[in-house]
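Have a look at the structure below, then the notes.
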Amino acid sequence: MTNVDLARLLGRLAALSELAEDNPFRVRAYRRAARTVLELEEQIADLLERGVDLTELPGIGKDIARKLATMVESGRLPDLDALAETVPIGLIEVTEVQGVGPKRARTLWQALGVRDLTELQRAAERGAVAELDGFGAASQAKILAGIEAHRRHARRLRLGDADAVVRPLLERLRALPGVQRAEAAGSYRRRRETVGDLDLLVVAEDGRAVGEALAAMTGVEEVLGSGDTRTSVRLQGGLQVDLRVVPPESFGAAWMYFTGSKDHNVALRQAAVGRGWRLNEYGLYEGGGRRLAGADEREVFAALELDWIPPELREHRGEIEAAREHRLPALVAVDDIRGDLHMHSTWSDGKNSVREMMEACERRGYAYMALTDHSQALRMTGGLDAEKLARQFEELDAITAERPGITLLRGLEVDILKEGELDLDDAWLARLDIVLVSVHSLFDLDRDRQTERVVRAVSHPEVNVLAHPTGRLLGERDGYDLDLDAVFDACLANGVAVEINAAPERLDLNDVHVLAARHRGLIVSIGTDAHRVRQLDSMRFGVEQARRAWLPAEAVLNTRPLDEVRRFLAKGG
DNA sequence: GCCGTTTTCGGCCCGACTGTTTTCAGTCG
């Protein structure tokens, strides 16, 4: 069982326990443990094999450690199976409907016999829900709409897609009369790879007016609720937007509060409580009620004797301790990037010529770039064989002479073939300045064979970067089954960098994997995999994920000057 | 169920909105 599987089972145990009206603090403990497991760099199964004591992990005590061991051994969680005998497992999805929590789900089950989403829908459609105590016609209608929404919009939005929504929305809010400031918060501000809903924060006197203005904007499909300080709407396409309006003196505290993460906030509050203070979205207050800070984030952090924490780090992964001890890393920034090491041109499946790509990179202020078209195995992309590569080299000779402002590294994204062989002969590999390798076929090999295949590929002496190492496509396809630890070890042993593929549909490696790679001492290369000029701008998505993994600039290959990059590519360190 | 230079027992974050209620529980973030 992978950590994802283990976390899912613990989450279900939490949900069912809650429905069974178990001790709420136990429920919370299960949820916390699930989160710990999900965010762990190493697999629980591996830790157990090495004899590591799981109770060392935050939120995991003797009981949950035992449950984890059982799950790894047997693939089952007996407590969950036992609970499922008494509470229908389908009630979990009932609680996922907007406006239905554990209490109401339990009522629906006990009074109407509702056991899953479909039965809830039937009960609501025949009017039975409205008859229940504590429910009414409005609740019933809301539940029906909620079921519909749940079915349509269960998926989270990719960060790149969210950007396209957020920017114009913020501009329109800023243009409203009385709006002094409008910012995005939530997971969007923390730059998580996907966004479940959108939190916007506005400074204005008249909150109701701003909320009404939002509700009236084009693109708003439904108003979910509105009040003096809060308005929630659902946009066409399904994204839920929660708008909060605060006075200026509370802006910093509110921005922190609504940026989260939830666990980060809880830890911050506890830091305040430890001093006998109180922290909420309006400010930081002394026991007597005197306000200590609130208008500005830095002021609130400072009052708690903490350095300001970049939003990407606010995931309760040790950032508060680091901020207290002044050892937060100086995170890599887009401006640190000196070149893009993964892109395509019309020589394979790119849409722009080499010349256009070079001009575009020069405009972005890069000192160097790597042209990495596909190799021949990818027929549909027009991948290059040795003969075509020879012709490309001739063109590159001419073009590079024209553009002395930027250095073009001659590269190829070489396909990893069935048994880990490379899709280009050694003589030609040696002539390339940079060799990326990646998997584009046989995604379904079993874990051992897939791992062996990739390990063999990165062990070839001419290989420099493992591109999109897991092959996942966000919201579409899981990565191939791979023992990443073994792959990382092989990369480290062979002087190979691992890529953060910055294409917003990939973001591969993800933040957690990068953290693991970095702790091993691996070098990370952030590449856009651009197939057209515009996609070169995806670099920032890759940088953001690197920041979420605590990376400083020096951990990223393409922040280095060209001579150092060349030395790395020559495997000289 | 977890956790502890405040504690090994007794805590565990907190405010807004909704719909139903006629004073508040449930839900959400």
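In what follows, chains are A, B, ... by sequence order, proteins preceding strands, each numbered from 1.
- Checked by atom type and distance alone, the side chain of A:R278 never pairs as donor or acceptor with a backbone atom of A:V273 at under 3.5 Å.
- Nearer to the 5' terminus of DNA chain B, by closest-nucleotide assignment, is the contact made by A:T55 (compared with the other of A:T55 and A:F135).
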Quiz item: Going through the distances and angles, do A:R50 and A:D46 end up as a salt bridge (charged side-chain N to carboxylate O under 4.0 Å, His left out)?
Solution: CA-CA 6 Å; A:R50 294 212 326 261; A:D46 295 342; over 6 Å; no
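- For B:dG29, the base has a donor-acceptor partner in the side chain of A:Y257 [N/O atoms by modelled type, under 3.5 angstrom].
- Across all strands, A:N265 comes closer than 4.0 Å to no nucleic acid atom at all (heavy-atom distances).
- At the heavy-atom level, A:A14 lies nowhere under 4.0 Å from the strands shown.
- Put simply, A:Y282 has a side-chain N or O that comes within less than 4.0 Å of OP1 or OP2 on B:dA16.
- Look at A:E312 and A:R191 and you find no salt bridge, because none of the NZ, NE, NH1 or NH2 atoms lies under 4.0 Å from a carboxylate O.
- In this structure, CZ on A:R244 lies 15.5 Å from CH2 on A:W255, to the nearest 0.5 angstrom.
- Within 4.0 Å of A:P24, counting heavy atoms only, lies no atom of the nucleic acid at all.
- B:dC14 and B:dC9 have their P atoms separated by 25 Å, given to the nearest Å.
- Within 3.5 Å, a donor on the side chain of A:N23 pairs with an acceptor on the base of B:dG1, or the reverse.
- Out of B:dC28, B:dC13, B:dG26, the shortest distance to the side chain of A:R104 is found at B:dG26.
- The residue A:V100 sits close only to the backbone: its heavy atoms come under 4.0 Å of sugar-phosphate atoms, none of a base.
- Closest approach to the A:D199 side chain among B:dG15, B:dG29, B:dG1 is made by B:dG29 (side chain taken as heavy atoms from C-beta onward).
- A:S139 has no side-chain polar atom (N or O) that falls below the 4.0 Å cut-off from OP1 or OP2 of B:dT18.
- Judged by closest nucleotide on DNA chain B, A:G134 is the one of A:G134 and A:G99 placed further toward the 5' end.
- Applying the 4.0 Å criterion to OP1 and OP2 of B:dT27, one finds that A:Q98 has every side-chain N and O outside that range.
- Pairing for B:dT8 is absent, judged as Watson-Crick or G-U wobble with the two contacts each under 3.5 Å.
- Spacing between atom CZ of A:R208 and atom P of B:dA16 amounts to 14 Å, rounded to whole angstrom units.
- Atom P of nucleotide B:dC2 and atom CZ of A:R35 are separated by 17 Å, given to the nearest angstrom.
- B:dC12 has its base stacked against the ring of A:F25, the centroids being under 5.5 angstrom apart at an interplanar angle below 30°.
- Distances were taken from every side-chain heavy atom of A:A138 (C-beta onward) to each of B:dG1, B:dT20, B:dG29; the shortest belongs to B:dT20.
- Closest to the A:R26 side chain, of the nucleotides B:dG1, B:dC13, B:dC3, is B:dG1.
- Ion pairing of A:E297 with A:R314 is present here, as a side-chain N (NZ or NE/NH1/NH2) and a carboxylate O approach within less than 4.0 Å.
- Taking the ring axis of A:Y188 as reference, the NZ or CZ atom of A:R192 does not stay both within 45° of it and closer than 6.0 Å to the ring centre.
- Closest to the side chain of A:R28, out of B:dG19, B:dG29, B:dC12, is B:dC12.
- The distance between atom CD of A:E96 and atom C1' of B:dG29, rounded to the nearest whole Å, is 16 Å.
- The side chain of A:R244 lies closest to B:dG29 when the candidates are B:dC13, B:dG1, B:dG29.
- Phosphate contact (OP1/OP2 of B:dC13, side-chain N/O of A:R269, threshold under 4.0 Å): absent.
- Between A:I320 atom CD1 and B:dC13 atom P the separation is 13 Å, expressed in whole Å.
- Note on A:V97: only backbone sugar-phosphate atoms sit closer than 4.0 angstrom, heavy atoms only; bases stay farther off.
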